[in-house]
Each structure stands twice: as C-alpha cells, then as structure tokens.
Amino acid sequence: MNVTQRHIYSCINASLTLAMLLAVLTIITAIALPSKSAVAGTAARLPPNILRSSKDYHLLEVVPHDKTSFTQGLTYYSGHIYEGTGLEQESHILQHDPADKMKTLNKVPVKPSHLFGEGISYYYIWTTDENGHRIKEHRLIQLTWRDKVGFIYSLPDLNKIKDFKYDTTTGEGWGITFVEHTNEFYVSDGSEFLMVWDAETLEEKRRIVVTFNTGSHNVTVNLVNELEFIDFVSDQSRLPEIPENQRTYDVNGDNENIECSSSAQTSVFTSSMRILANVWYQDILISIDPTSGLVKKVYNLNDIYPIGERHEDGADCLNGISVTGKQSSIGDGGLQVWVTGKWWPNMYRIQLID
C-alpha cells in the first residue's frame, strides 16, 4: 500500500468515534477562544523567546527539517533528537543536534531496505560488566509497518544489536514509547488499543483502550499513532522502579487472551504523567491517561503548519513528538516538546499549555 492508498484507507475507515472527538474539540475550541484584545494583552506579557501563541501552545523555536524525510517518530537521548523515517527503500534512523539548528550528525539506513520503518523510542537496560558493576546500557527500539519485525540499536552510535518479532491487534507497528519507572513500552498499531510490552522480554502484558468522554459517554479513539511518554511536572521525584514480585499484570495466558482492562491494574503513575499521541491525519495531540486510556486533553495544532500551506509544499500529515530534555515545573506553565510531520520543511519546539 503506497502513501496515497494509506491515506484513502484512513479516510474510509476513520470511525464515527473519531468524528465525534473532533466535533467536541471544535465546540470546545469555539467556546474557549479568547478575544483579539485578550490575545493581544496576553502576548504583551509573554517572554521574548515566544514566537507566537495559540490557545493550546506557545511556539518557541522553528528549525529546518529535511523535506525528503517521511517522519514516523521522534525520541530524545542525551542532548540529541533521533528521528525514524519510513517508506520502502527510504527508511532511516537519524541523529540530530537541536543545539545546532537540528543539524544531522548521523543517518543509518534500515536494513533490509524493503522494510517500511515506523515508530522509535529511546530506552535503557541494566547490565553487568566484566567487573560485576551494574551499568545502564542505552538503546533505541524501532518498529516496522507490516513486517512484524523490530530492531534494537545501541546509542549513541546506532549500531544494530538485534532484531525481534512481534504482533499487534492489526498486525501493524505504528508508534512506541518507553515508560521508565514501570520498565514497559506502550505501542500503537492504528487501532484504539495501546499494547503494553515488557521492556526486557518484549512480550505483551496487557492492552489499554483509548477513549474520549463526549460529556455524556465514552467513545473509542482509533488511528492513534506516534507516542511519547511525558511528565508535565518532571522535576517531581521519579517513582521507583517496581520490583518484579510487586507488579500486577492483567494477563491471562497467551496474547489471544490478554485482558483489555483499563482499571484492574493499580496505577503507578502520578497525576502529571501522560502518554502524548497524535491521531493520524488530524492536527491534534491527545494526552492519554496511561492507566485508564482516557483522553484528558486535546491540543489543537492546526495553525502550526496550516494544511493549505502543506498542500502547496507537498508535505503530508503531522507525525513526530519528542520531549526536549528540558525539565518542567509547575511554574513553567507547560511542557516543551518537538513536533514535526512527514515531508515537513521544519521542526517546531512548542510549549503545551496545560
């Protein structure tokens, strides 16, 4: 399936539930939009490093992005932004330097080249060296679209360590993000589900259904794509890693019998922790409760790179979210993230208004 066919597929199969989500978003946006005078008054009080503000975010920085990159995911590690791109014969992992206008420092092709690269995430494992010392080994994980194979790379050099097999509800890999204190990956596949994997075994432990409250009832949200685990107040003390013998799982047998439960597991997350996701072919980010799957907030980014300009430039949809490495506190007023899209000419550093 080529890019155009995939777009048509999404338009045909986008469920009524997504339409309802966007309809509610439109109503909320219309009600919440400030007057021109209010915007002007707010802008006058903004710090000088803010380029532009909207209802849901402040634009802080714009840097160049390779227009030939069909971006599938972003992730942050040790001062650098890593980017995973897609399309057959064109999939790569790239290392960028945000301190130097996102200059590309390394570019590694996905092999074999016929594979269609998808989401990526930084993570780490604990190992023991020859002297018996416990050390943290930094890695990057990558999914592919329909081949049910993923790759593990070393960081920062991006040497491939191994590949692995996996499956999802749709048989596809879309987005992935690492949750440090539970040692888990959250994985999307274009459906309403988030699969939760053990970060060591890469085995599925449970599934979470992403839902949105319309005011009268919950509806499922499908086409969930790129994922990024975030903490809106990241200077709080991190929760300790949960010992294996104290973890509670919603698993009953093999993958076919994994319970799709959102409440059976005791929450180990603080109220500021979320899974930030984009919805495919929608100019929004959704903030998902990592335990219940409930969408807590919708961020409207439709003016960051308007769709009319994208059509003129030959650019595609929003796709790519990463933290910046800057910790946030309650006084900051919001978390900073990098966002971009497929064939976009720029990356944008924004501060979400929570």
How would you list, by chain and number, every residue that makes a salt bridge (charged side-chain N to carboxylate O under 4.0 Å, His left out) with R274, sequence neighbours excluded?
-> none
Taking only residues two or more places apart in sequence or in another chain, which ones pass salt bridge (charged side-chain N to carboxylate O under 4.0 Å, His left out) with E137?
-> R139
Taking the inter-plane angle between the rings of Y305 and W344 on a 0 to 90° scale, is it parallel (under 30°), tilted (30 to 60°) or perpendicular (over 60°)?
-> perpendicular
Parallel, tilted or perpendicular: which fits the ring planes of F164 and Y166, with parallel below 30° and perpendicular above 60°?
-> tilted
Tell me every residue that passes ring-ring contact (aromatic ring centres under 6.0 Å, His included) with [X], counting only those two or more places apart in sequence or in another chain.
X	result
Y122	Y77, H138
Y76	none
H114	none

Pairs in or reaching into residues 304-313: which pass salt bridge (Lys or Arg N to Asp or Glu O under 4.0 Å), with residues at least two apart or in two chains?
-> D283-R310
Hey, is NZ on K297 packed in by over 12 heavy atoms from elsewhere, all under 6.0 Å?
-> yes
Check ion pair K148-D167 (N to O, under 4.0 angstrom) = yes
Ring center gap for F178 and Y186 short of 6.0 angstrom | no
Sub-6.0 Å ring centroid separation between Y57 and Y299 | no
